[in-house]
J.: 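Before I ask anything, here is the structure I am working with.
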Number of protein chains: 2
Amino acid sequence: MTQGDGGTGGSGADGGADAPRTPLAHRVPDLGALELLLAVARLGSLGRAARETGISQPAASGRIRAMERQLGVTLVERSPRGSRLTDAGTLVTEWARRVVEAAEAFDAGAHALRDRRDSRLRVAASMTIAEYLLPGWLIALRASRPGTAVSLFAGNSAVVARRLQDGEADLGFVEGTGAPAGLDGAVIGRDRLVVVTAPAHPWARRRGPVPAAELAATPLILRERGSGTRQVLDAALRAHGGLADPLLELASTTAVKSAAVSGAGPAVLSELAVGDELSAHRLVEIPVDGAPLRRELRAVWPIGERPAGPARELLSLTRRGG
Amino acid sequence: MTQGDGGTGGSGADGGADAPRTPLAHRVPDLGALELLLAVARLGSLGRAARETGISQPAASGRIRAMERQLGVTLVERSPRGSRLTDAGTLVTEWARRVVEAAEAFDAGAHALRDRRDSRLRVAASMTIAEYLLPGWLIALRASRPGTAVSLFAGNSAVVARRLQDGEADLGFVEGTGAPAGLDGAVIGRDRLVVVTAPAHPWARRRGPVPAAELAATPLILRERGSGTRQVLDAALRAHGGLADPLLELASTTAVKSAAVSGAGPAVLSELAVGDELSAHRLVEIPVDGAPLRRELRAVWPIGERPAGPARELLSLTRRGG
DNA sequence: CCTGTGTCATAACTTCAGCTTATGCCCTCA
DNA sequence: TGAGGGCATAAGCTGAAGTTATGACACAGG
């Protein structure tokens with residue numbers, strides 16, 4: 001499989017097409033290098049990029065060079081008047097941007113997770129929302145109100161409601177079919193549950209949508225009973241004979257996804273959870289006819305305590321278009 | 001820079017205090033650590049995760065511990081029978097997964113960029129497709145046909161066509177309104193152009209959609225003349241009085257995006273390019289009435305040379321669901 | 001009840017990637 | 001022609017992350 005690598009001979013010592021066992025981290029430049037590359041792209045000069053990222057010019061120069069060696073591609077065209085990205089560099093920079101953005105989301109989330117006490121804004125959110133939406137909101141909040149300390153607690157709807165009522169959170173986010181009792185709230189968006197299979201599954205080759213009754217009768221890969229996804233699905237299929245016994249019952253969204261990707265059978269998941277898999281065609285969406293697999297995403301707060309200050313600000317960020 | 005870690009820390013002011021100037025790379029664990037965390041989540045044991053990622057058990061132990069210290073959160077519950085993620089750990093792991101997936105896409109893309117010569121499959125693609133779709137396809141290809149060496153060339157439609165005709169590429173991908181002359185092809189998906197503004201822009205508060213004629217009459221932030229986006233937009237608005245002089249004319253998708261985010265005005269971009277910005281509400285999509293802002297994504301190849309082998313495999317990966 | 005096998009943590013030592021400062025060359029512009 | 005911005009090279013330092021070796025703890029089985 002791995003023929004000698006195509007490079008112009010020379011010192012390509014580190015082996016050619018070495019996809020298999022080297023860990024990702026050895027094949028991808030580290031976050032600092034990617035950030036530096038973005039800075040070079042933006043500022044048009046290694047030196048300026050170095051200054052912006054707080055390192056010396058030779059360090060930046062060396063780092064970019066090391067990255068070029070690692071990737072085997074020239075990224076930057078250096079001239080005595082500055083540095084411009086090559087075509088390949090432009091492409092690499094865009095890919096790098098995605099990594100850095102994911103890292104920013106990670107950072108925003110992790111930061112909120114740490115702050116716990118004495119924060120100006122204490123948020124409690126369902127797992128799905130905390131996983132997929134909240135980091136983005138926090139980044140937006142950081143942009144519009146820098147320095148707002150946010151703490152995050154994640155749990156199921158009941159626990160979120162509890163924390164709000166106990167005064168341990170200022171604003172909550174839950175998904176589900178109805179508003180929790182004892183709380184005020186507003187719908188901030190909608191989430192669709194989608195039926196997905198591996199591309200090789202027979203359903204992926206059907207012409208028309210799967211009728212709700214057939215979906216109901218088919219054993220599916222599902223989250224455990226009690227999860228939000230499961231409840232919505234149950235309700236939607238009640239009119240069609242009710243949900244069959246599950247094919248697999250797994251404890252996490254991720255486990256469900258992996259099972260589906262590896263071809264175990266059809267799964268039902270939030271569209272938030274499967275975006276990447278769909279666009280990479282690791283999973284295929286199966287249209288369903290006759291069952292409304294939607295649920296509302298709601299912001300919630302204790303009755304009467306309309307959000308103010310930072311809570312109001314965050315709320316307004318979540319509302320448009322969600 | 002690193003103040004004593006959170007906790008009881010006195011002066012309430014520490015909230016958000018450290019967000020601003022430390023580079024991202026110092027606040028986010030590196031890719032190796034994130035990968036390790038995913039392995040722990042999957043395997044349920046530090047030792048097994050260590051083995052899988054090719055390091056020693058103490059190294060894994062130390063790394064996870066360092067990550068917990070860095071984030072200020074306990075991620076893993078250790079026991080003499082294995083390790084389980086805490087609730088916070090589950091959340092962090094999901095965020096980490098996004099970073100690692102972006103890194104995998106980066107790696108897949110970069111690898112193809114390097115291989116250049118003597119690859120079994122030589123792909124030429126438009127920038128938009130190479131940026132947003134191809135890495136995912138390459139990952140899928142790697143999964144279904146491990147070890148297929150792919151090389152990637154990115155350029156505009158004309159250059160892609162050229163390379164195919166010169167026999168320097170086996171399969172091409174372009175976006176646009178029609179199929180390029182002299183090539184066979186198949187539509188593999190559709191791309192929608194979307195009008196976006198910063199959330200503060202007046203259009204973001206409108207009730208109804210913007211009529212095509214108004215869009216045509218409004219100065220927009222656009223890519224330079226000749227770009228695929230610009231061509232489609234031109235064609236779609238010809239019937240409505242033609243495109244007004246641009247507000248700004250920029251050389252890269254990213255530049256257009258930044259200008260729009262910072263409120264310079266409405267921009268028109270591929271929906272592929274603005275997914276993140278929309279979900280984070282840095283941009284808002286403005287519905288448009290009366291202009292079909294769609295374009296086809298096509299796979300193309302020299303007339304008569306129907307793709308075979310790896311090209312055929314890649315093609316089939318891209319087709320479902322587009 | 002002891003022993004084997006898995007788990008994780010600690011300790012001491014080593015290595016290497018990446019940083020810094022100092023310096024030189026190249027180009028452009030006034 | 002000299003000043004200034006931009007990049008590269010060289011030499012030396014530092015610390016993060018790795019290794020091996022070992023200990024403590026829990027459970028299962030003879």
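Lettering of chains follows the sequences in order, A, B, ..., and the numbering in each one begins at 1.
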J.: Using the 3.5 Å cut-off, write out each protein N or O paired with an N or O of nucleotides 26-30 of chain C and the distance between them.
T.:
none

J.: Flag the pair B/Glu68 and B/Arg78 as a salt bridge only when some basic side-chain nitrogen lies within less than 4.0 angstrom of an acidic carboxylate oxygen.
T.: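 Between B/Arg78 and B/Glu68 there is a salt bridge, with a charged N closer than 4.0 Å to a carboxylate O.
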J.: Just to be sure I understand the rule, does B/Arg84 reach a base, reach only the sugar-phosphate, or reach nothing, if contact means heavy atoms closer than 4.0 Å?
T.: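 Result for B/Arg84 = nothing.
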J.: Could you tell me which residues satisfy salt bridge (Lys or Arg N to Asp or Glu O under 4.0 Å) with A/Glu77, sequence neighbours excluded, listed by chain and number?
T.: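 A/Glu77: no salt bridge (Lys or Arg N to Asp or Glu O under 4.0 Å) contacts found.
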J.: Can you list every salt bridge (charged side-chain N to carboxylate O under 4.0 Å, His left out) pair that touches residues 250-262 of chain A, not counting sequence neighbours?
T.: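 Only A/Lys257-A/Glu277 qualify under salt bridge (charged side-chain N to carboxylate O under 4.0 Å, His left out).
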J.: Give the residues of residues 58-67 of chain A touching DNA chain D, defined as any heavy atom closer than 4.0 Å, sorted by residue number.
T.: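 Residues of residues 58-67 of chain A under 4.0 Å from DNA chain D: A/Pro58, A/Ser61, A/Arg65.
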J.: Please check the phosphate of D/dA8 (OP1 and OP2 only) for any side-chain N or O of A/Arg78 closer than 4.0 Å.
T.: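 Answer yes for this pair, as a side-chain N or O of A/Arg78 is under 4.0 Å from OP1 or OP2.
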J.: For A/Leu36 and C/dA17, what is the distance between atoms CG and P respectively, to the nearest whole Å?
T.: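 It works out to 18 Å between those atoms.
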J.: Between A/Pro135 and B/Trp95, what is the shortest heavy-atom contact and its length?
T.: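 Taking A/Pro135 first and B/Trp95 second, the nearest heavy atoms are CG-NE1, 3.3 Å.
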J.: OP1 or OP2 of C/dT20 less than 4.0 angstrom from a side-chain nitrogen or oxygen of A/Ser56, does that happen here?
T.: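 Yes, because at least one side-chain N or O of A/Ser56 sits under 4.0 Å from OP1 or OP2 of C/dT20.
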J.: Rounded to the nearest 0.5 Å, how far does CG of A/Leu85 lie from OG1 of A/Thr74?
T.: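 Here the rounded value is 12.0 Å.
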J.: Can you tell whether the side chains of A/Arg230 and A/Glu249 come within less than 4.0 Å, N to carboxylate O?
T.: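 Yes, A/Arg230 and A/Glu249 are salt-bridged.
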J.: Name every residue in residues 37-50 of chain B that has at least one heavy atom under 4.0 Å from any atom of DNA chain C, in order of residue number, or write none if there are no such residues.
T.: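 Hits under 4.0 Å, by residue number: B/Ser45, B/Leu46, B/Gly47, B/Arg48.
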J.: Distance check: side-chain N/O of B/Ser83 vs OP1/OP2 of C/dC8, anything under 4.0 Å?
T.: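 Indeed, a polar side-chain atom of B/Ser83 lies that close.
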J.: Where do A/Val150 and A/Ser119 come nearest, in terms of heavy atoms and distance?
T.: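 The pair with the smallest heavy-atom distance is C-OG, 4.0 Å.
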J.: Can you pull the salt bridge (charged side-chain N to carboxylate O under 4.0 Å, His left out) pairs that have at least one residue in residues 87-97 of chain A, sequence neighbours excluded?
T.: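 Pairs touching residues 87-97 of chain A that pass the test: A/Glu94-A/Arg97.
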J.: In whole Å, what is the span from the CD1 atom of A/Ile55 to the P atom of C/dT21?
T.: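 After rounding, the reported distance stands at 12 Å.
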